[in-house]
Amino acid sequence: MKKSRLLLLLAILSLISIQTQSSFLNPVGTDYQLGKALSNPGVTAEVQQIPDVLRMGDLNLYDLPIDLDPLNRAWVGPHSIMYEPLIEYNAEKNIVVPVLAYQWVVTNDSKHWTFDLRDNILFHDGSAFNAQAVKISFERAHIKAKGPAPYSYAAMPLESVEIVNEFQIIFHFYESYSPFIHREAQTFFVLSPNSFEGENLTSPIGTGPYKISLEQSNSTFLHYNRFDLYHSGVAPFKEIHYTIYPQAEGDRFDEDINEHKIDYAAMGVYIDSSADPYWNTSYTEGAPVSNVFHFNISNPYLADKNVRKALNYAIDKKTYVDGSPSSHPLRSLLPPGYLDHDPTIEGYLYNPELANTLLDEAGFTRGEDNVRFSLRIIGADFWEGILNFVATSLEQIGIRCEVEPIEGENFLTRWEQGDYDLALFVTLDYDSSIIYSLLHTNGAYNTGGFENETINYLTTLAQETPVRQERKYYYKLVQEEAQEECPYLLMEYYPMHYFRAQHLTPYFHLSGKARLIFNCTNGDSQLMINSLNFKIDNKKPTDLKLLTDITVADQAIYFPITDAIIANPNVQPLEVTMKMSHQLSSFLPTQNATGKFYQIETDNEDLSYRFRSYYDPEELEKKSYDQLALFEYDETQEIWRELVTLSSNTSLSYVEIELKGGKRLLRLDESIEELVQLTYKLFPFISIFTIPMIVIIVLTIAKNQKVAKYVKNKY
């Protein structure tokens, strides 16, 4: 089978294996049985209407038993059809969007996460989704993470799960855990409490658009029926037939693709749609897959960072990826596609002369047999091609290599135990917090024993802050330090891609996720605003009270939707309600002016607090602080006054002001001093952060002014 197909198909399992830290096993106590196989009904290429059946295919590279327990990440594809998380990652926009929870907030120390849950959701068995179901699912995951693989990936510093009411829940952690929103909260599926007997899954019952039919499924075939009471509308297909091909039947998988017996596969061989117009191939725009070799630092040769650099310089990565339609040489542990990727990192370009020089200077000269030293290279058996490529490259600089391709499950055990000199592994994650797991001394994936105090400190700071801009700053420093320390042998990265039949295109996002609601009626539409979905009907937004009754004392509240922090330096608790913010570029009378609205309410008008507003560091480089302005609304005179006393932190990219009591704030990010018009006509627009109202804006601008001085707001 083709290398590209193997690498891409591996990713769905590698996402799991990089998180499981060990081999896969069947869940103890699982007592459901899969029935006999069914023949898959065909759908021809000529079908243009909505097909009754969606035919999916997947190659089981590890030959693992099908496991319907969502804690076993090896089968995340089949799981995502019938189970749902609190939130999910949107690969097209690289943002987190609501699913079972519609809003959330985290304290500034990242220890306490509050989720408000939707109240109109049913499980497949007809029982109601609520906070108790969330608590049971998460506590079960936490308990099983303390046991054997494959659940150890679920380990998190969870202290307790608190039910506030039927539809509000708080996760308390005993240490800062900012990755929660980008990892566990969107990848842990919630099941009905009726799914379990003790810790063991007995009935796979979720909230997803499809429910599984165990009577019509078996060890290589899964049958799903549409769930007619699905909370977000009617799913487009009546049934889903999911075929799991054993590794030995890879050729049959290829044949079924070529003969159009499969309509959709989440990860598979790259298909040129121009050569076969039946197919439509699309790439995700989120984080890509990375192939890296882990160094075992306990090896005295590899403990020398110059040796590690030499091994990187010895690999002609460009030659290796040539011929692949999507692979690129890897220069950093956070390649393009991650929000925190640093494009200035140069990596290690092919330079065998420099590699030899570094090895000579390190004292590892060639012997009489022209060999400096020997290394053991391991990897899963289906990676044999890349293992041999690296071994051949290293032998050119005098390093003898013993290549050991290992059957997949046994390889994972060897990798976890650190039984290797170099081990090839695939990394795929939703968030840059993967770098903590790879580089921190206590990182779950740092099986090679790499240790660096500076990186430990910086990754810990990133782990503690929930603010993306701050994390970006810390991760930039981490990538610079990693460039010098060279903790891994970096090979290649490539985007995930999905292939599907052309007639299915209207029913899928570019990311490959099914469009479960594909027909809007009665003039309804959906508006995406700062990662939240609002239903719009006749231009009257539904009132959404975003955050209410948030109490903080001696710490801060972080609002992920607004990217702002309210810090409370007082001894007395400060109860804060914060309304929605909104990009103003479509509402201000000039395209040169952009900004956000904030509305803050407090229970104590006498307590002071600090309001911090964050900016994207890359955007900030294009402007200066004199182009940024914050306005405060004066209720008595009904005007907006510019706040001129701002403290700032350029490296972390935020501005901060001292406030007291409830405020309405307007932030303008772009200077409009070049405008020559003296006045603008009044015009109405619909506010999206309070009860629908008409707001009148008047901007009075003089030539060469920095920003508009007054904006009238009238109900």
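As the structure is a computational prediction, the values presented were derived from the model and not from experiment.
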With sequence neighbours excluded, tell me which residues meet side-chain hydrogen bond (donor to acceptor under 3.5 Å, both in side chains) with [X].
X: Asn446; value: none
X: Arg471; value: His182
X: Glu159; value: none
X: Glu656; value: Arg612

(message) Other residues, nucleotides and ligands only: do more than 12 of their heavy atoms fall within 6.0 Å of CZ on Arg331?
(response)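 No, the 6.0 Å shell around CZ holds no more than 12 heavy atoms from other groups.
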(request) Assess whether atom CD of Glu162 is packed by more than 12 heavy atoms of other residues, nucleotides or ligands within 6.0 Å. (result)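 Counting other residues, nucleotides and ligands, CD of Glu162 exceeds 12 neighbours.
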(message) Holding to ring pair (Phe, Tyr, Trp, His ring centres under 6.0 Å), I want the full list of residues that pass it with Tyr474, two or more places apart in sequence or in another chain.
(response)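 In terms of ring pair (Phe, Tyr, Trp, His ring centres under 6.0 Å), with neighbours along the sequence ignored, Tyr474 is linked to no residue.
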(message) Using 0.5 Å steps for rounding, measure from the OG atom of Ser137 to the CZ atom of Phe188.
(response)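 Interatomic distance, Ser137 OG to Phe188 CZ, rounded to 0.5 Å: 10.0 Å.
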(request) Mind checking the CZ-CD1 spacing from Phe382 to Ile406? Nearest 0.5 Å is all I need. (result)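 Rounded to the nearest 0.5 Å, the CZ-CD1 separation comes out at 11.5 Å.
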(message) Can you tell whether the side chains of Glu464 and Lys111 come within less than 4.0 Å, N to carboxylate O?
(response)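 A salt bridge is absent here (no side-chain N lies under 4.0 Å from a carboxylate O).
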(message) Suppose we screen for salt bridge (Lys or Arg N to Asp or Glu O under 4.0 Å). Which residues come up paired with Arg376, at least two apart in sequence or across chains?
(response)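 For Arg376 the salt bridge (Lys or Arg N to Asp or Glu O under 4.0 Å) partners, ignoring immediate neighbours, are Asp419, Asp421.
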(request) Identify the heavy atoms of Leu424 and Asn291 that sit nearest to each other, and give their distance. (result)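 Minimum heavy-atom separation between Leu424 and Asn291: CD1-CB, 4.3 Å.
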(request) Please find out if less than 6.0 Å separates the ring center of Phe295 from that of Phe450. (result)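 Judged by ring-centre distance (under 6.0 Å), Phe295 and Phe450 do not meet the cut-off.
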(message) Taking the ring centre of each residue, are Phe171 and Tyr177 less than 6.0 Å apart?
(response)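 No; Tyr177 has its ring centre 6.0 Å or more from that of Phe171.
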(message) Main chain of Trp415, side chain of Thr447: is a donor-acceptor contact present, judged purely on distance under 3.5 Å?
(response)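 Yes, because the side chain of Thr447 sits within donor-acceptor range (under 3.5 Å) of the backbone of Trp415.
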